[in-house]
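Letters go in sequence order (proteins before strands), and every chain restarts at 1.
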Amino acid sequence: MAGKTLYDKLWDSHLVKQRDDGSALIYIDRHLLHEVTSPQAFEGLRLAGRKPWRIDTNLATPDHNVPTTGRARGIDGIDDPVSKVQVETLDRNCEEFGITEFGMLDQRQGIVHVISPEQGATLPGMTIVCGDSHTSTHGAFGALAHGIGTSEVEHVLATQCLVQKKMKNMLVRVNGQLGAGVTAKDVVLAIIGRIGTAGGTGCAIEFGGEAIRSLSMEGRMTLCNMAIEAGARAGMVAVDDTTIDYVRGRPFAPKGDQWEMAVKAWRELHSDDDAVFDKVVELDGADIQPQVTWGTSPEMVTGIDGMVPDPAAESDPIKREGIVRALKYMGLQPSMPISEIKLDRVFIGSCTNSRIEDLREAAGVVKGRKVAPTLKQALVVPGSGLVKAQAEAEGLDKIFIEAGLEWRDPGCSMCLAMNADKLGPGEHCASTSNRNFEGRQGFGGRTHLVSPAMAAAAAIAGHFVDVREMMN
Amino acid sequence: MRAFVTHTGIVAPMDRANVDTDMIIPKQFLKSIKRTGFGPNLFDELRYLDEGKPDQDSSQRPLNPDFMLNQDRYRNASILLARRNFGCGSSREHAPWALEDYGFRAIIAPSFADIFYNNCFKNGLLPIVLDEKSIDKLFQETFDEEGFQLAIDLEAQTVTTPSGETFAFEVDGFRKHCLLKGLDDIGLTLEDADAIKAYEAQRRQVSPWLFGG
Ligand code: SF4
């Protein structure tokens, strides 16, 4: 019999019951909640007179709606009354049901996918869900993590389980080493460029290969975060010393004997040598250039030395139509060099790239330089209160401010512009977030996805440039 | 949940690939703490010429005449015909809520994003996968014939055109059963409460750190 993949192992160890019709009940170890996708689930519980099955697996924080300035005012700092009600509703629900919440004034507050790993609430071998598609982030720890809808949020609250069908196993192997100035963000964008936004549909993707093994936990989180942008609900990376070193000593991590016991179990969390994958894709790390998206889907991406495509060269009529539509929305001409795209704003943040390492990379580029005068705004939004504190302790905030970037309070911010941070119609933004969909960062806004280093370089130049030319 | 057994209705063509959930229901409407009332903001940025705001009377807003749902022939549609990778992006269940609230009962596409596909079944909305060739044909017939209707039979797993041409589709047994009966799957899972408790007891032995030590 063939060996097991990492996904097979995680699935098997959480199988409560296999049903005859092919569906299965899967146990959930960690449930994360935020204000946008949970209110209707709590309301559903109340209407049905149900209680949460197990309180201690739940962890909540407001992140999508929170303002990134004037945090000291707490909930009163939210100007939009509708946003305010949503955050208040989360506070009230957590209080009523006894769920741990890092509220707006808690230093541990932040983007849900940043705070859980930071606290050690994300552990190897867990099943982790959240009413948020970027829950795939947590797969970086050798966990099975994916987004769910609000009905499933209610289902997990009420039963601690989900009804699931097993996904297919897909391996994306990145061989060799990445060049200098090439980051996890570039790797994942290059992967999506290769397999497309539906390339991983129906699959759990394991990322492997030498280039992936060399990534830090922050880098692995960036990678798994965007598995969903390749269509895969779950992305994952096998456990190794990097994983264990990161988890050790975090507040929610096991201690003492239990730590030893846990580490022993976690060491098994990798695919067996003879495991069989349904699909395998291989890339060479050395071939990957810093990436920039030019269109309205993450698969519309190319290297910094590339050009905006010419739809006339595309043979698939549906794709051709997609390119024509995207260029119109983005206000770009066919065959225009990527480096000629001028920018109005820069956003460094989001659950993809707002961790300390991301901020260090960006600060390294802007240090001693000034933001281009043609730029309307360059925002840096740390992923959590603790990331913010760490960055300030390292003096990164000063580097950003001196260079002319704004240093903000933690939250999702301009990633989806549910708070006050947004693009105006027609504005081009170099963004470290994960989605360049029409209107995502503001009505009519034009998003280009890049790494933190590339966003920082673009902030200085006012247009896209190869960050490698600015490093010495 | 509303059951789905059979449905016959007018087809509306959403002729573009990778329709994401931001497009189906933009973020400013996710601030609601209710499950209903999203219909007027379905496809908001495509449907209206101005920028939509929550808590606004959408009946007074300028419509984009080019958007298909604003054309008389598709106004009463209840079946959405779409292209590949429909529903990609965010997990927001507000997307199926908005489609359902507008009056859609089924969506037919060559492929769907996983989370969206799953969310549909929880809301009495049937997502149907047909191959690209059949989809192309259905688009053509929808464009050619005003008031083009399809008849969907979930029990038989078929979609039938007015001329009697029938397309078969696949659907997972458990989801089909729940949708046919309009069942609440939390209630069904709780029938297995003993199995869940037994799992927890065993897991607590092997991995005590997952249970607070
Ligand atoms: S940062 Fe963006 S992608 Fe991440 S959880 Fe927040 S809104 Fe979603």
Side-chain angles (χ1 to χ4, degrees), chain A residues 16-17 19 21-23 25 27 29 36-37 39-40 43 48 50 53 56 65 80 82-83 85-86 89 125-126 131-133 147-152 154-155 158-161 163 165 197-198 201-202 231 233 254 258 261-262 265 297 318-319 321-322 325 416-418 435 437-440 443, chain B residues 15-18 20 22-23 26-28 30-35 45 51-52 54-55 83-85 88-94 96 111-116 118-119 122-123 172-175 177 184-190 192-193 195-196 198-200 203 206-213:
Chain A
V16 172
K17 188 176 174 177
R19 292 181 172 150
D21 56 23
S23 67
L25 265 191
Y27 193 79
D29 295 317
V36 180
T37 54
Q40 297 88 351
E43 189 59 20
R50 289 179 175 131
W53 181 276
D56 65 324
N65 277 289
D80 178 349
V82 200
S83 289
V85 167
Q86 208 165 44
T89 304
M126 275 183 162
D132 193 288
S133 59
I148 55 178
T150 297
S151 295
E152 289 177 315
E154 186 181 337
H155 194 282
T159 71
Q160 209 54 48
C161 291
V163 180
K165 245 188 135 163
T197 50
T201 302
R233 277 204 295 166
Q258 299 231 337
M261 194 178 173
S297 162
I318 296 175
K319 279 196 178 155
E321 182 53 32
R325 210 189 295 263
L416 94 166
M418 260 181 101
R435 289 192 173 134
F437 299 155
E438 289 183 18
R440 170 80 178 182
F443 185 72
Chain B
D15 193 11
R16 59 195 284 173
N18 296 316
D20 58 73
D22 280 75
M23 204 179 285
K27 67 229 155 206
Q28 62 268 40
L30 310 188
K31 296 180 182 185
S32 167
I33 56 171
K34 295 185 302 209
R35 247 176 211 268
E45 292 187 6
E51 181 179 356
D55 288 338
R83 294 291 185 186
R84 57 182 89 143
N85 202 27
C88 59
S90 144
S91 64
R92 61 188 68 165
E93 200 159 316
H94 311 68
S111 60
F112 291 91
D114 289 342
I115 302 180
F116 175 82
N118 199 31
N119 282 341
K122 316 275 180 192
N123 294 284
D172 159 81
F174 178 73
R175 286 170 169 147
H177 172 74
D184 157 19
D185 60 351
I186 295 182
L188 282 177
T189 299
L190 286 173
D192 284 320
I196 305 173
Y199 172 86
E200 284 179 326
R203 185 89 170 144
V206 190
S207 312
W209 62 89
L210 294 174
F211 293 82

Please check if the side chain of Thr201(A) supplies one atom and the backbone of Ala113(B) the other of a donor-acceptor pair under 3.5 Å. no

Contacting region of Ala265(A) [heavy-atom separation from chain B under 4.5 Å]: side chain

Is there a donor in the side chain of Asn118(B) and an acceptor in the side chain of Arg175(B), or the other way round, less than 3.5 Å apart? yes

What part of Ala193(B) gets within 4.5 angstrom of chain A, counting heavy atoms only: side chain, backbone, both, or neither? both

Taking atom types as modelled, find out whether Ser133(A) and Arg435(A) have a side-chain donor-acceptor pair closer than 3.5 angstrom. yes

At a 4.5 Å cut-off on heavy atoms, which part of Lys27(B) comes close to chain A: side chain, backbone, both, or neither? both

Heavy-atom distances under 4.5 Å only: say whether Gln40(A) touches chain B with side chain, backbone, both or neither. both

Donor-acceptor pair, Asp192(B) side chain versus Ala195(B) backbone, under 3.5 Å? no

Structural part of Thr189(B) lying under 4.5 Å from a heavy atom of chain A: both

Below 4.5 Å, heavy atoms only, C-beta onward: do Cys88(B) and Phe116(B) meet side chain to side chain? no

Which portion of Ser90(B) sits near chain A, non-hydrogen atoms under 4.5 angstrom: both

At a 4.5 Å cut-off on heavy atoms, which part of His94(B) comes close to chain A: side chain, backbone, both, or neither? side chain

Using non-hydrogen atoms and a 4.5 Å limit, figure out which bit of Arg16(B) sits close to chain A: side chain, backbone, both or neither. both

Need one label for Asn85(B): side chain, backbone, both or neither, based on atoms under 4.5 Å from any heavy atom in chain A. side chain

Residue selection (most heavy-atom pairs with chain B, distance under 4.5 Å) from Gly22(A), Ser151(A), Pro39(A): Ser151(A)

Atom group of Arg84(B) that falls short of 4.5 Å from chain A, counting heavy atoms: side chain

Could you tell me which non-hydrogen atom of Thr150(A) sits nearest to which non-hydrogen atom of Thr37(A), and how far apart they are? OG1-O, 2.9 Å

Please determine whether a side-chain nitrogen of the Lys or Arg among Arg19(A) and Asp185(B) lies less than 4.0 Å from a carboxylate oxygen of the Asp or Glu. no

Any heavy-atom pair between the side chains of Ile115(B) and Arg233(A) that's under 4.5 Å? yes

Heavy-atom cut-off 4.5 Å, strictly under: side chain, backbone, both or neither for Phe112(B) against chain A? backbone

